[in-house]
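Side chains included, hydrogens not; waters and symmetry mates left out as well; all remaining heavy atoms used. Bear in mind that the values here come from a model prediction, so they are computed numbers and not experimental data.
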Amino acid sequence: MFDLTRHNIINTMAGFAVLFILFWGGAAADAQLVPPSGVSGYAAGVWIDGVFLRLPELGYITAFILLFACAYRIMRVFIRFSLAREKSYMPMLVCMLVSSGFCAGPALLKTIVSAFFLILATEKLIRSYKKERSNGYIFESAVMTGLAAVVYPPCVFFFLLVPVGLLVFRLFSVREWVIALAGFAVTAFLYAYGIFCFRLLSDARVPLGDIFWGLWGDAVRGGALPGTTDISVIQWLFAIAVTVVMFFSLVSFVRNRRYMENRSEKAMVLYLAMLLIQTAMFLLPSHSLDQLPLLAVPLSVVVPVYFCHTNPGFMTNFLYLMLFVPPLLSVIGRLG
């Protein structure tokens with residue numbers, strides 16, 4: 001009936017555009033822009049908030065470009081590294097559903113930017129597999145992960161992705177671990193240098209150590225957005241549907257892993273680790289709905305696996321409805 005898994009790229013992009021108009025247009029019509037997170041003034045994400053909350057029209061245009069870049073990139077990763085036996089463009093739709101189905105507005109841009117950096121970081125780690133000259137991939141993955149944390153401090157917990165990637169894709173090498181640490185250090189140095197220049201221009205006198213300590217505080221304390229304890233019944237239905245599909249996808253992955261290339265299997269393990277980290281982050285006081293774009297990255301890889309390994313039928317159609325109907329009902333409820 002639906003079989004969104006096997007739509008061509010044109011239909012998928014059209015569906016992506018329609019969902020963006022519904023979700024983000026509904027947020028604009030509701031006249032309730034998402035407030036900025038409670039992070040310190042030295043996090044790059046706060047500067048992004050400051051620009052686009054003053055210019056919301058530009059924020060919506062930028063959001064579409066960034067969300068499309070994230071969705072298209074994760075779709076390319078899914079296809080290029082053969083994360084399922086069948087090629088599918090469905091990751092684009094899952095990315096839009098999870099990232100924007102229940103929370104939209106220009107203040108989410110910082111999280112979307114961080115999600116894009118994390119996609120690039122995971123892609124670099126996957127490409128390092130069996131490469132003799134992998135130093136560049138490892139260094140760049142560490143830098144990208146660091147940039148994600150500079151923009152949105154809770155992403156500091158995704159630093160764990162780099163050592164996980166090294167353990168999964170590489171044989172143990174002290175040099176490669178040092179290179180990864182160097183990538184994190186370079187990001188911290190560039191951030192500190194930028195803050196130093198900003199303090200000279202603004203005549204601020206905040207100790208640099210207090211700034212880094214403030215970023216760590218932002219990573220673990222609560223923000224201004226609604227917490228996950230405040231989600232509605234409709235949102236719970238969507239969360240249950242995603243959990244069920246994720247379970248089926250894990251079963252499909254285990255059953256079909258013998259048909260997968262080693263790199264594809266290891267890549268799936270990396271995104272499952274990312275999903276585990278994000279799930280753990282929801283247990284912290286800093287958990288909030290503005291982290292949904294981060295959750296969308298691993299789910300965009302994991303969720304389509306079940307549909308790619310299953311023939312269309314009643315169950316797949318039912319799960320399609322469970323994934324798409326709750327976010328649409330949420331939009332209708334806001335407009336009503």
**Asked** Which of parallel (below 30°), tilted (30 to 60°) and perpendicular (above 60°) describes F172 and W177?
**Response** tilted

**Asked** Is there a side-chain contact between C308 and F78, using heavy atoms and a 4.5 Å cut-off?
**Response** yes

**Request:** Would you confirm whether S141, through its side chain, and L125, through its main-chain N or O, come within 3.5 Å as a donor-acceptor pair?
**Result:** no

**Request:** Indicate the atoms forming the closest heavy-atom contact of T145 with F184, along with that distance.
**Result:** CB-CE2, 4.2 Å

**Request:** Answer with yes or no whether the hydrophobic clustering places V251 together with V269; edges join I, L, V, M, F, W, Y residues whose side-chain heavy atoms lie under 4.5 Å apart.
**Result:** yes

**Request:** Check whether any side-chain heavy atom of V305 sits under 4.5 Å from a side-chain heavy atom of M268, and report yes or no.
**Result:** yes

**Asked** What is the distance from atom CE of M246 to atom CG of L275, rounded to the nearest 0.5 Å?
**Response** 5.5 Å

**Request:** With rounding to the nearest 0.5 Å, note down the distance linking CG in L147 to CG in L118.
**Result:** 10.0 Å

**Request:** Drop me the distance from I277's CD1 to L272's CG, to the nearest 0.5 angstrom.
**Result:** 11.5 Å

**Complete:** Taken to the nearest 0.5 Å, the spacing of R80 CZ from R127 CZ works out to 5.0 Å

**For the student: nearest non-hydrogen atoms of L93 and G15, plus distance** = CD2-C, 3.9 Å

**Asked** Would a 4.5 Å heavy-atom cut-off, applied to side chains only, mark F158 and M281 as touching?
**Response** yes

**Message:** Within the structure provided, determine whether I112 and S99 are in side-chain contact (heavy-atom separation under 4.5 Å).
**Reply:** no

**Asked** What are the two closest non-hydrogen atoms of S134 and E176, and how far apart are they?
**Response** OG-OE2, 3.0 Å

**Asked** Looking at side-chain heavy atoms only, is the closest gap between F248 and T310 below 4.5 Å?
**Response** no

**Derivation and outcome, side chain to side chain contact (heavy atoms under 4.5 Å, CB included), residues V168 and L270** = CA-CA 8 Å; V168 171; L270 179 66; 5.6 Å; no

**Same cluster (ILVMFWY, side-chain, under 4.5 Å), F68 and I61** = no

**Fill in**
In short, L299 meets P304 closest at the heavy-atom pair O-CD, 3.7 Å

**Request:** Determine whether the aromatic ring centres of F16 and Y72 lie less than 6.0 Å apart.
**Result:** no

**Request:** Could you grab the distance from atom CD of E265 to atom CG of L83, nearest 0.5 Å is fine?
**Result:** 11.5 Å

**Message:** Would you say that V303 contacts L323 through its side chain, given a criterion of any heavy-atom pair below 4.5 Å between the two side chains?
**Reply:** yes

**Message:** Would a single hydrophobic cluster contain both L109 and L58, if residues Ile, Leu, Val, Met, Phe, Trp and Tyr are joined by side-chain heavy-atom contacts under 4.5 Å?
**Reply:** yes

**Request:** Using the rule that two of Ile, Leu, Val, Met, Phe, Trp, Tyr join whenever any of their side-chain heavy atoms come within less than 4.5 Å, decide whether F314 and M322 are in one cluster.
**Result:** no

**Asked** Got a sec: does the NZ of K131 have more than 12 other heavy atoms crowding it under 6.0 Å?
**Response** yes

**Asked** Angle class for the F169/Y129 ring planes (parallel below 30°, perpendicular above 60°, tilted otherwise)?
**Response** perpendicular

**Prompt:** So which heavy atom on F20 is nearest to which on A63, and how close?
**Reply:** CE1-C, 4.1 Å

**Request:** Taking all heavy atoms of V302 and all of S249, pick out the closest pair and write down the distance.
**Result:** O-OG, 2.9 Å

**Prompt:** Hey, are the side chains of I126 and Y271 touching, using non-hydrogen atoms and a 4.5 Å cut-off?
**Reply:** yes

**Asked** If you draw a 6.0 Å radius around CZ in R76, do more than 12 non-hydrogen atoms from other residues or ligands fall strictly inside?
**Response** no

**Prompt:** Taking a hydrophobic cluster as the set of Ile, Leu, Val, Met, Phe, Trp and Tyr residues connected by side-chain heavy atoms closer than 4.5 Å, whether directly or through intermediates, do L276 and L250 fall within one such cluster?
**Reply:** no

**Item:** Donor-acceptor pair, side chain of R263 and main chain of F81, under 3.5 angstrom
**Value:** no

**Message:** Quick check for you: to the nearest 0.5 Å, what is the distance between S300 atom OG and M92 atom CE?
**Reply:** 10.0 Å

**Prompt:** Does S88 reach the side chain of F307, with side-chain heavy atoms less than 4.5 Å apart?
**Reply:** no

